[in-house]
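Below: one structure, written as structure tokens.
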Amino acid sequence: MNNEKYILIDKLAETNELSREEWMILLDGAGEDEELLKYAASKARAVADQVYGKEVFIRGIVEFSNICNKNCYYCGLRAGNSKLTRYRLTEEDILACCEDGYKYGFRTFVLQSGEDPYYTDDVICDLVRRLKKDYPECAVTLSIGEKSYEQYKAYREAGADRYLLRHETANEEHYGKLHPENMSWSNRMRCLKDLKSLGYQTGCGVMIGSPEQTVECLVDDMMFMQEFKPEMIGLGPFLPHSDTPFRDKDKGSYEMTLFLISLCRLMLPNALIPATTALGTIRPNGREQGILAGANVIMPNLSPLTVRDKYMLYDNKICTGDTSNECRGCIERRMESIGYKVAITRGDYKMCNGVRPHCT
Ligand code: 5AD
Ligand code: SF4
Ligand code: FES
């Protein structure tokens, strides 16, 4: 029993923030303390229930291109992976996936790809406009990487509502260990600030247990998010991919991932936090446990079956042999098994109602 850590969890729940020193104490060695993790999860789940009830939001992801001109050391889509069969979906393919998705009850479409210059800004804007016109009650989320302010502005003006861009690590030195020299931490941060300033619901996030991640790195992540106040937070364990430089690195900790989900919920009660596919890959019931630890979003795949096994960020990704319809049913059952219901709604970020201590 580590009293100090319990007290800090209570403090976080009450004030929604901790100091750097307090984060350090709370995170250091926390993964091994099963009772502490349970304590954090039950508090975090109570907060999520308070804000979002027993509803879980779903987002349909269309992974429209696995071509990427970046070389992140951890990712199977990296340009340097010559073993991967590459694909691009046409605009019509993408719209057809969303049409299916709409029938299955998705009211948010996430368009995700590697950093593929083939899709010009005109193409992206056209896609967003068409989706917003055909499905006016749906949200469109983009997850297409680092762009300029002007580009983000153009997508926003075309109607994009949300943008996902994980910061990967808030520690600049650590960023340098995960990415080649032509990628910069400061540009990543610039992107996130631009997205927020343009009025996107903005998502950042990290891989838990990425190579060379230290407790200090996680403290930096929490301090960054405490200040940045992302509307969405993506957290999943790092999982090695056999055709990347990190093929022999250890995978991240399942327990620590759940713990960080809980702490993010306590820090940012209204955040949209997915129980990620990586969490479902590291443990068969990982996504259910993610929801029970405080997550409130699930992001099943809407990509055509023919390309699913080619969007491999890490080895053994789940759902590569399942159709959109199968995943949709699967998620419904999984959520019902833990007492939650899939909501047929956009599932926007709930603005703060001003009752919490540090509401802005
Ligand atoms: N393991 C876990 N997550 C990964 N991502 C990329 N590669 C991996 C991996 N090997 C995550 C990154 C990226 C998101 C799209 O997927 O955080 O931002
Ligand atoms: Fe490309 Fe994104 Fe993978 Fe990096 S994480 S290699 S930018 S798809
Ligand atoms: Fe895809 Fe379960 S969510 S098969």
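Both counts, for ligands and for their atoms, begin at 1 and track the order of listing.
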To check your reading of the model: name the closest protein heavy atom to [atom], its residue, and the distance in Å.
| atom | result |
| --- | --- |
| atom 1 (Fe) of ligand 2 | Cys68 SG, 2.2 Å |
| atom 2 (Fe) of ligand 3 | Cys330 SG, 2.2 Å |
| atom 3 (Fe) of ligand 2 | Cys75 SG, 2.3 Å |

Pick from Cys319, Ser324, Pro284: the one approaching atom 1 (Fe) of ligand 3 most closely through a non-hydrogen atom: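 Ranked by closest heavy atom to atom 1 (Fe) of ligand 3, first place is Cys319.
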
Nearest non-hydrogen atom to atom 4 (S) of ligand 3 belongs to which of Asn301, Ile318, Asp322, Asn325?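 It is Asp322 whose heavy atom sits nearest to atom 4 (S) of ligand 3.
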
Is the Tyr74-Phe238 ring centre distance short of 6.0 angstrom?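 No; Phe238 has its ring centre 6.0 Å or more from that of Tyr74.
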
Counting only heavy atoms, which portion of Pro240 has something under 4.0 Å from ligand 1: side chain, backbone, both, or neither?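 For Pro240, there is no contact with ligand 1 at all, from either part.
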
Salt bridge or not for Arg130 and Asp134, using N-O below 4.0 Å?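 Looking at Asp134 together with Arg130, the answer is no, because their closest N to O distance does not fall below 4.0 Å.
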
Presence of salt bridge, Lys229 and Glu17, under 4.0 angstrom: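 No.
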
Ligand 1 contacted by Glu168 (non-hydrogen, < 4.0 Å):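 It does; at least one heavy atom falls under 4.0 Å.
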
Any non-hydrogen atom of Gly234 lying under 4.0 Å from ligand 1?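 In this structure, Gly234 fails to qualify as a contact of ligand 1 - no heavy atom is under 4.0 Å.
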
Flag Tyr74 as yes when one of its N or O atoms lies below 3.5 Å from any N or O atom of ligand 1, and as no otherwise.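 Yes, since at least one N or O of Tyr74 sits under 3.5 Å from an N or O of ligand 1.
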
Looking at atom 4 (Fe) of ligand 2, is there an N, O or S atom belonging to Cys72 that lies under 2.8 Å away from it?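 For Cys72, the answer is yes, given that an N, O or S atom comes within less than 2.8 Å of atom 4 (Fe) of ligand 2.
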
